[in-house]
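Input: a single structure, listed below in C-alpha cells.
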Protein chains: 2
Amino acid sequence: MPKRRITQADVAAMAGVSQATVSFVLNDRLPAGVRLSAETRQRVLDAIRITGYSANPVAQRLAGGRNQIIGVFTYEATFPGGGRDFYGPFLVGIEHAAEQLGIDILLFTSARVVEGRRRLTRDGWQRLGIADGCLLLGQHEDRSELQHLLDTNYPFAFIGKRSSEGGRLPYVGADYTGATRRVVERLVGLGHRRIGYVGALGTDQPTTDRWEGYRDALRDAGLGARLVPEEEPDEIVTAVVEQGLTAVVLSPERDPEELHDALGRHGLDVPRDVSVLLLGQPHHRLRRPQEWSGYAIPREEMGARALLLLSRLVAGDDVGDEELHRLLECTEVTGGTVGPPASQRAPTGTDGSLVP
Amino acid sequence: MPKRRITQADVAAMAGVSQATVSFVLNDRLPAGVRLSAETRQRVLDAIRITGYSANPVAQRLAGGRNQIIGVFTYEATFPGGGRDFYGPFLVGIEHAAEQLGIDILLFTSARVVEGRRRLTRDGWQRLGIADGCLLLGQHEDRSELQHLLDTNYPFAFIGKRSSEGGRLPYVGADYTGATRRVVERLVGLGHRRIGYVGALGTDQPTTDRWEGYRDALRDAGLGARLVPEEEPDEIVTAVVEQGLTAVVLSPERDPEELHDALGRHGLDVPRDVSVLLLGQPHHRLRRPQEWSGYAIPREEMGARALLLLSRLVAGDDVGDEELHRLLECTEVTGGTVGPPASQRAPTGTDGSLVP
DNA sequence: ACAAGACGATTATGCGCATTATTATCGCGC
DNA sequence: GCGCGATAATAATGCGCATAATCGTCTTGT
C-alpha cells in the first residue's frame, strides 16, 4: 500500500532500465531506430507485473498520448429528470461498450448553458482535451463549432445522423426514413388511404427524415401527404375528423396519451376509428400500460456502436465510409394502436391540409 | 481560431510578465513571499480576457492542482438498462449540482468487474487520480478499499449512509429508519395490529435501517415484529393469511405488482383486505399506473448534496460533523394501497414468525 | 586493422501548470 | 556608503509520460 503511486521510473529502476524503455514496452511500439531485446522486454514486463504499475492517465494525456477516456457531450441536460429520459438508453449502450473497451466516460456537465442549451465555448474546447475523443448527442446546428471540430482534427462522433458539412461528420444514426416508410406502407396495406402526419415540420434531421419516409411511402402508393400541424390535441382531433383521417403517424415529441384522450373525448376509439403509429419511443413518460404501435429506435445499440466507431477513430484506424456513416435499422413495434380502417368514415370537411 | 491552444505562457507574453505570475493571478493566491502590484495583476487579467485563455485541466491536475472534475464510481453498472434505473435519479441530482458548480463528471466505467460487481483495483485507484474527488454509489463492503481511500487522503463521499469505519466516511444518506418508523406508525394509527415486513434481512445499511424503524415503531406501540422472509409471492400470501396480517411493509427490491397479483389470486384486495407500504421507490419498473403508498427516497437531492459536500472536501474547507454525515428526510407518499384494517379478519394459522 | 553498419539501449526534451527558491530594485536609517 | 527590510517580481523545478535525438558496443566485410 504505497503512499506514492508507482511510476514508470519505479518500474524502470526495478528492471534496471531507463524510464523510456518502460514506456516503449508499455506502448508496444518502438519509435524508429529504437530496439529492445526480448530479454529486456521480459524483465520490464515482469517488473510491471510485480509492482502492479498502471499508467497515470493525466500524465499520459499531457504527454500527448491516449488515456482511455471518452467524453460525452449532450447539448441538453444529460439526465433531465421528471421521468423524461431521452439520453438514458444511449448511455446504457455507451457504458456497456466502454466497459468492454476499458474506457472511462467523461460527461461535460460543466459546459456553459446558453439559451437553454449547452455550448462548446472556448473553455469547452479546452476541456474536451481531457478525453481522447468525444461523442456528441442532441440537436444542434452551430456551424462554427462543427468546423472547429473538423479542423482541430479532434476525434469525435455523433450519435444521430448528421448529413451536413458535406458528409464529413462521423455518426451512428437510425434509419428513420426507412422505418417510417415501412410503417406507413403497413398502414396502406391495411387499407388506410387518409393518413396524417402529426408533428412540427422542423429542419432537424430526425424530423426531415421521418417526413421524407412518410411522404415517399404515400407518394409511391399514389396517396397524398397530410400534415397535421402540431397544435392542441383537440385541434388535432378536429383535423382528423375534418379530413376523415383513418390513421395518423405521430412524432415522438408529442405526448401520445394526450392525443389518445382527446380522441376519446370526441368519441373516436383507437384503433377502431383511428390507428395511431408512434415514430420512435415517446419522449414523454407513459402513464398507461398501453403498447403503442410504431417503431423503436435502437438507442442502446447506437450508443455502443458510436463508442466503438470513436475508439477506432481515436486509434487512428482508417475506417471506411459505411462505417463512418452507419444507419441502424429501427425495429417495428406491433403494439395495439393499429387496425384496419373503419371504412364507413368519410371526411366532414375540406382536404385543406393535403400536401402535394 | 488558433491551431495551438492558448497557454499561460501566451498570456504571460502578452502581459509582459512571467508564466508564474499568470498562474498566481489565476489562482488568486500568492504563495508566501510573492507580491504583485495591482497594476500588474490588472494587465494579466486583461490579457486573459483578450486571449480567452482557459486552463488545461490535464496539466492542472498533473501539476498537483484541481481540475474541476469529480469522479462517480458505481459498484454496479451505472445504467443497467431494461427499465430498471436505480442510479439515474442520483445522477440527475449530481448533474444538476455539477452544472451549477462548473464541474465535469467522470464515470469510472472501465473499472474491472469481479463477481458481477465493480472493483477499485490498483488501476482503479490510479484512475481516480484524474478527478479531484470521487462519489461512491452502491453497496459494497470491501474494507481494504475503504481503508485505502481514508489513508491516501483522497477526497470522496458516499451516496447512502455508511456507518462503518468508525464514522469516518463522509456521506449523504436518507433517513430510512425514521421514514419507516413513521409509515408504520401511520398503519398503527389506522388500527393495524398485525403488520408484516416483507424482505430479506441482509446486513446492508438500508435493510438494517428499515428493519430498525419497523421494529422500533411496533415495539413502541406494544406490538411484535413479524418478518415475512422474502420468498415466492404465493408463499408470502400464505404467510399473510396464516398470520392474519392486515398490512405489510415491502422492501423496494421486491416487485410490488407481483405481490399484488398474488394477493389478488387469493382473493385478497389491496387495500381493503391488506394494506401495502413501499419502503422506498420500487426497483422494478411498474407496469400499472397504481400509486404505491410508502415513502420516497430523495435521490436527486442526495446526489446534489453529495456533490456539494464533496466539492467542499476537495476545496479543503473543514466541514462539521453534521455536514459530513447528513441524513435527508424521505417524503411520504400517500398512494392508494393503504387503508384501515378489515377488522373481521383473524389469523388462520400460528404466530410462528413473530419476532420479539 | 578499421570503417560501416547492426544492435540495444540511454539521455534529453517538452506537454502546461503549480509551486518553491531566488533575484533585482528601491528607500531608509546610521 | 553600506547594510537591511520591504516590494515586485522571475527563474527553476517537477508532476509522469511519450518521443526525438543520441550514444555505446559489437559484428562484419575488406
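Letters A, B, ... are given to chains in the order of the sequence lines, protein chains preceding strands, and every chain is numbered from 1. The figures here come from the full heavy-atom set of this structure, side chains too, leaving out hydrogens, waters and symmetry mates. Nothing here was measured: the structure is a model prediction, and the numbers come from that model.
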Of B:A32 and B:A55, the one whose nearest nucleotide on DNA chain C sits closer to the 5' end is B:A55
Among C:dG16, D:dA18, C:dA18, find the nucleotide with the atom closest to the side chain of B:T7.
-> C:dG16
For A:L26 and D:dC17, give me the distance from atom CG to atom C1', rounded to whole Å.
-> 10 Å
Parallel, tilted or perpendicular for B:F90 and B:F86, by the 30°/60° rule?
-> perpendicular
Steps toward side chain to side chain contact (heavy atoms under 4.5 Å, CB included) verdict (A:L146, A:F158) = CA-CA 11 Å; A:L146 293 183; A:F158 279 94; 3.4 Å; yes
What integer distance in Å separates B:Q60:CD from C:dC15:P?
-> 17 Å
Nucleotide N/O to protein N/O under 3.5 Å, stretch nucleotides 8-10 of chain C:
residue : atom : partner : partner atom : Å
C:dA9   : OP1  : A:T40   : OG1          : 2.5
C:dA9   : OP2  : A:S37   : N            : 2.5
C:dA9   : OP2  : A:S37   : OG           : 2.4
C:dA9   : OP2  : A:T40   : OG1          : 2.8
C:dA9   : N6   : A:G33   : O            : 3.4
C:dT10  : OP1  : A:S18   : N            : 3.2
C:dT10  : OP2  : A:S18   : N            : 3.2
C:dT10  : OP2  : A:S18   : OG           : 2.8
C:dT10  : OP2  : A:T21   : OG1          : 2.4

Whole-Å gap separating P (C:dG16) and CD1 (A:I130) | 14 Å
Relative to the ring of B:W125, is the ring of B:H148 parallel (under 30°), tilted (30 to 60°) or perpendicular (over 60°)?
-> parallel
With respect to the phosphate group of C:dG16, does any side-chain polar atom (N or O) of A:Q126 fall under 4.0 Å of OP1 or OP2?
-> no
Answer yes or no: does a side-chain N or O of A:N27 lie under 4.0 Å from OP1 or OP2 of D:dA18?
-> yes
Quickly work out the A:R61 CZ to C:dC17 P distance and round it to whole Å.
-> 15 Å
Can you check the A:D28 CG to D:dA18 P distance for me, whole Å?
-> 13 Å
Can you tell me how far C1' of C:dC17 sits from CZ of B:R5, to the nearest Å?
-> 12 Å
Donor-acceptor pair, A:T40 side chain versus A:L36 backbone, under 3.5 Å?
-> no
Can you check the A:Q8 CD to D:dC17 C1' distance for me, whole Å?
-> 5 Å
A:R117 versus A:Q139, closest heavy-atom pair with distance | NH1-O, 3.5 Å
Verify, without hydrogens or angle tests, whether B:D132 (side chain) and B:N67 (backbone) share a donor-acceptor contact under 3.5 angstrom.
-> yes
In whole Å, what is the span from the CZ atom of A:R127 to the C1' atom of C:dG16?
-> 14 Å
Please state whether the phosphate of D:dT19, meaning OP1 or OP2, lies under 4.0 angstrom from any side-chain nitrogen or oxygen of A:R29.
-> yes
Do B:D10 and B:R5 meet the salt-bridge criterion of a basic N to acidic O distance under 4.0 Å?
-> no
